[in-house]
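Some notes on the structure that comes next.
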Amino acid sequence: MTDLKGVGNALAEKLKKLHIETLQDLLFHLPIRYQDRTRIYPIGQLAFGDEAVIEGQITSCDVQMGRRRSLVCRLRDDSGSLALRFFHFNASQKKQLEAGKKIRCFGEVRRGSTGLEMYHPEYQLIDGEWQVPDNALTPIYPLTEGLTQNKIRQLCEQALDYLSPYNLQEWLPDNLREQFQLPALYDAVTYLHQPPNTANLEELKAGVNPAQYRLAFEELLAHQLSMIGKKFAQQKDQAVRIPAVGPLYNKLLNNLPFSPTGAQTKVYQDIFTDLQSGHPMMRLVQGDVGSGKTLVAAMATASVIHQGFQVAIMAPTEILAEQHYINFSNWFTPLGIDVAWMTGKLKGKSRDHEAEKIASGHAAIVVGTHALFQESVQFHKLALAIIDEQHRFGVHQRMALREKGIHGAQLPHQLIMTATPIPRTLAMSAYADLDCSIIDELPPGRTPVTTIVVSDQRREEVIDRVKVACESGQQAYWVCTLIEESEALQCQAAEDTAIMLQEQLAGLKIGLVHGRLKAQEKADIMNHFKQGEIQLLVATTVIEVGVDVPNASLMVIENPERLGLAQLHQLRGRVGRGQAVSHCVLLYKTPLGQQGKARLSTMRETADGFKIAEKDLELRGPGELLGARQTGMMEFKVADLQRDKALLEQVQVAAEQLYHHHPEAISPLLARWLPNIEHYLSV
Ligand code: ADP
Ligand code: MG
C-alpha cells in the first residue's frame, strides 16, 4: 500500500483495519452508497432524506433562540424554498450569508421546525464564478477512525489510474460472460467507484446494478469453486470399505415393531453406496422433524460395526445426546453391542471408564456431545461419524473429527443429519461439498398438528384449554422463550411460569425442565413425563430436539414471534406423534408487527418444513438458517446471499463449466476472493 502516493505507515495501518492491504483490496473496497452532486435539484422537488445540490438566493438570515441557538437562512429558487440551519456559526458566517446572496449547497434534507431544512450543509457563494457540478456520482466509502472520505476517494482514484486489464486480470472467459450477461471486471470496478451521472441511483442502492452483479457473481463463483474443490479432494481420500448388509443389520430390522418407510430405505441405499466406495462418505441427510432419521443412522451403524469398526454419534445438546443414547442402547444392547457415553459433564471415574471402553474398542458405539472431539478421547477404530443437527457444528469441529480416524490415512465416513431443511438453492451453495439425501416421507399413522395463533390477551382461555386437555388424559408442553442471551434468565422465566401455572392449575401435576438442571434431574423429569406422571411440562427451548412423548398432544409456545420459523417447526414437531389430534398454540405478545404476523401465519398454514425454510429465508435471510456453518465460510465482501440469491443457480452452472473447461482460472479466482483458503481447504 505504501507504494501509493500519500500513503505512509500510519495510513497503511488504518487501511489494514478495513482489510485493505493490496491495490486489489482497495479496488474491492466498494462504496456503501453514492451522492448525486452532478445536478442541481429544484427545491420544490425535494423530499425528506434526499441528499442534493441546490442553488438559490438567500431571502433572510437570522439567529433563532429556541432550545439551541442557531443561525437560520432561508434559501429560495424558482420552485420553492427551504431553511439552512447552523448550530455552530460565527459573526463572519452570518455576514457571509446575508439576504440577497446567491449560494449553492449540498446537504441532506431533514424535517425541521420550519419544514424542509438542511443542517450544516456544505455551501459555496456564487459570485460570478460558476463551477460546473461533478460529472460522476460521489462515492461514500466505509471508513475507519482517522480516515476521511476525501482521503480514501483520492486513494481509489489513484488506484483506478494504475488500474488496467493487466493488473486486474479478467478470469471469466468471454463465452461465460456473454452467457450470463456480465460486464468485464475492469469496467465493473471502474463503474462502481465512479458511476456516471446517468447511473440509476435506486438500482445502485438496491445492489442490483449489473456492475454489482458482476462482482457478486465472481465472488460467489469463487466460493462455489472452493466447495467443489473440497469435494473432489475428499474423493481422493481413503476410507474403509463397508461391504455387505450383514446379519446385524437384519437383526436390527427384525427386532423393530415397524418396517422402515420407503424414504428411509431409499436414503439408506445412498449411504450404503457411499460406504462401499472406499472414499469417505460426506452425506447430508435432510428430513423433517419426525421423519425417522435416527433409524437411518442406526441402519448405517449396524453395517459398520458388523465389520468390526466403531461408530460415533454426536449431538449438539445433552438432551438430544441422551435421547440417542437411549435409542441406540435399546436397539443394540440386546444384540450384544456395548454403547459408550461421552459428554463434557462426565467427570472422574465414570469418564475414565467410558474413555477406556472407547479406546479399547470395547464399545462399538459411542454417543455424546462435542466432547467426543476432545483430544483426550481416543477411538480404537472409528469408521463412521454421525452428526445430528449439523447446522450447529462449526468448521473446526469437523476438522477435529478428521483426526479421529484410523491410523494409516483412512478417514471416517461422515453422515450429517439435519431437521432444518435448507432451501434448495442455498443448500447447493452452502453444502456444495456434501452429497444430499432427503427423507421425504413421514412414518405412517401421524396426525397433522393444528396450529392456532392467539394473542396473550387470551392467555386465560389458553390456560383453560391446557386444563381440559390434561384432565381428559392428554399431556401438554408449555414452552417459554426469551430474547435474553443469558441462559440463567431464560431458566428463571420458565421457573416463574411454572409457579404461576401451578397456582392457576392447582389440580395438575406440573414439571419443569431447563438447561440449568443437572443431567440426572433432567432425565428424571423427562422420564416422569414419558411415564405420564407429569401432565404438563414447562420447558425452555431445550426440548426443541429429540424429545419423543407420543401422548403429548398440546403445545403452547409463549412469545413465538421471537423464534425463527425453523425453530418453531422443530418445537411443534414434539406433538402430533401419537393417535390423538394435536394442537400447537402460538401465544404471541401484542402488538405484533407485519413481519411477525406473516411469520406466524406461515406456521399456521403449512407443516412442510421445506416451505417453512423457504419462507424463513425470505423473511430473515440466510445467516439464521445456516447458523454455525456460516461462520468463516459464508462471509462475503460484495455478495449478499439474500439479495443475490437469484444468482446462485447461475453460479453453480458457471462453476461446473469453469471446472471442466477453464481450470486455469480456478486458483487465481480463489486467491482473489478467498486469500485465506488454506485455513479450511483441508476440512
Ligand atoms: P427425527 O427424524 O425427527 O430424528 P426420529 O428418528 O426421532 O425422527 O423418529 C421419530 C419417531 O418415529 C420415533 O418414535 C421413531 O421410533 C418413529 N419411527 C421411525 N421410523 C419409523 C417407521 N418406519 N415407522 C414407524 N415409526 C417410525
Ligand atoms: Mg432426531
Side-chain angles (χ1 to χ4, degrees), residues 249-250 252-271 283-302 313-332 334 365 367-369 386-393 415-422 436-449 475 477 526-527 529-530 541-553 555 566-580 582 584 607-610 612-613:
Y249 173 90
N250 292 327
L252 170 75
L253 291 194
N254 287 341
N255 286 354
L256 288 177
F258 46 72
S259 349
T261 61
Q264 284 169 321
T265 308
K266 188 176 59 95
V267 170
Y268 178 70
Q269 285 306 328
D270 292 345
I271 294 171
R283 185 165 292 277
L284 175 72
V285 173
Q286 299 187 52
D288 217 335
V289 197
S291 59
K293 293 183 290 294
T294 324
L295 177 61
V296 172
M299 289 153 80
T301 300
I313 296 130
M314 278 163 282
T317 65
E318 293 250 334
I319 287 203
L320 183 55
E322 275 160 33
Q323 290 279 326
H324 282 321
Y325 183 71
I326 294 166
N327 278 325
F328 279 83
S329 301
N330 286 344
W331 283 327
F332 287 97
I365 301 177
V367 182
T369 59
I386 299 171
I387 303 173
D388 201 359
E389 302 298 326
Q390 142 78 14
H391 61 293
R392 297 178 188 206
F393 278 92
L415 178 63
I416 294 144
M417 306 194 293
T418 177
T420 312
I422 316 288
C436 264
S437 302
I438 299 179
I439 308 183
D440 53 6
E441 176 189 0
L442 293 180
R446 295 287 160 85
T447 45
V449 181
Q475 287 170 282
Y477 297 98
M526 292 311 299
N527 248 336
F529 188 57
K530 226 170 177 161
T541 47
V542 294
I543 59 150
E544 182 187 340
V545 278
V547 176
D548 190 23
V549 179
N551 191 46
S553 60
M555 172 175 280
Q567 207 182 355
L568 284 173
H569 181 61
Q570 287 269 328
L571 280 168
R572 181 172 62 181
R574 301 303 113 210
V575 289
R577 296 183 160 229
Q579 299 309 314
S582 292
C584 176
D608 178 331
F610 279 88
I612 289 173

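Both counts, for ligands and for their atoms, begin at 1 and track the order of listing.
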* Structure fact -> Within 4.0 Å of some non-hydrogen atom of V289, the atoms of ligand 1 are 3 (O)

* Can you check whether G292 has an N/O within less than 3.5 Å of an N/O in ligand 1? -> yes

* Asked: Which of the numbered atoms in ligand 1 are below 4.0 angstrom from a heavy atom of S259?
  -> 22 (C), 23 (N), 24 (N)

* What is the ring orientation for F328 with H324, classed by angle as parallel under 30°, tilted 30 to 60°, or perpendicular over 60°? -> perpendicular

* Asked: Are side-chain heavy atoms of V289 and R572 found at a separation under 4.5 Å?
  -> no

* Asked: Strictly under 4.0 Å, does any heavy atom of G290 approach an atom of ligand 1?
  -> yes

* Asked: Any idea which atoms of ligand 1 are less than 4.0 Å away from a heavy-atom of R577?
  -> 10 (C)

* Any donor-acceptor pair under 3.5 Å linking the side chain of Q475 with the backbone of F529? -> yes

* Asked: Can a non-hydrogen atom of P257 be found less than 4.0 Å from any atom of ligand 1?
  -> no

* Asked: Which ligand 1 atoms does T261 reach within 4.0 Å, using its non-hydrogen atoms?
  -> 23 (N)

* Can you name the side chain to side chain donor-acceptor pair (under 3.5 Å) partners of N327, sequence neighbours left out? -> none

* **Atoms of ligand 1 close to P260 [distance to a heavy atom under 4.0 angstrom, numbered from 1]** => 23 (N)

* **Residues which pass side chain to side chain donor-acceptor pair (under 3.5 Å) with S582, listed by chain and number, not counting sequence neighbours** => none

* Asked: Should we count CD of Q269 as having more than 12 external heavy atoms under 6.0 Å?
  -> yes

* **Test item: Q264 side-chain N/O and G292 main-chain N/O as donor-acceptor pair under 3.5 Å** => yes

* To do: May I ask whether V296 places a heavy atom under 4.0 Å from ligand 1?
  => no

* **pair V267-K293: side-chain heavy atoms closer than 4.5 Å** => no

* With heavy atoms of T294 as the reference, note each atom of ligand 1 found under 4.0 Å away. => 4 (O), 5 (P), 6 (O), 7 (O)

* Asked: Hey, is Q323 one of the residues with a heavy atom under 4.0 angstrom from ligand 1?
  -> no

* **ligand 1 atoms in contact with D288 (distance to a heavy atom under 4.0 Å)** => 2 (O)

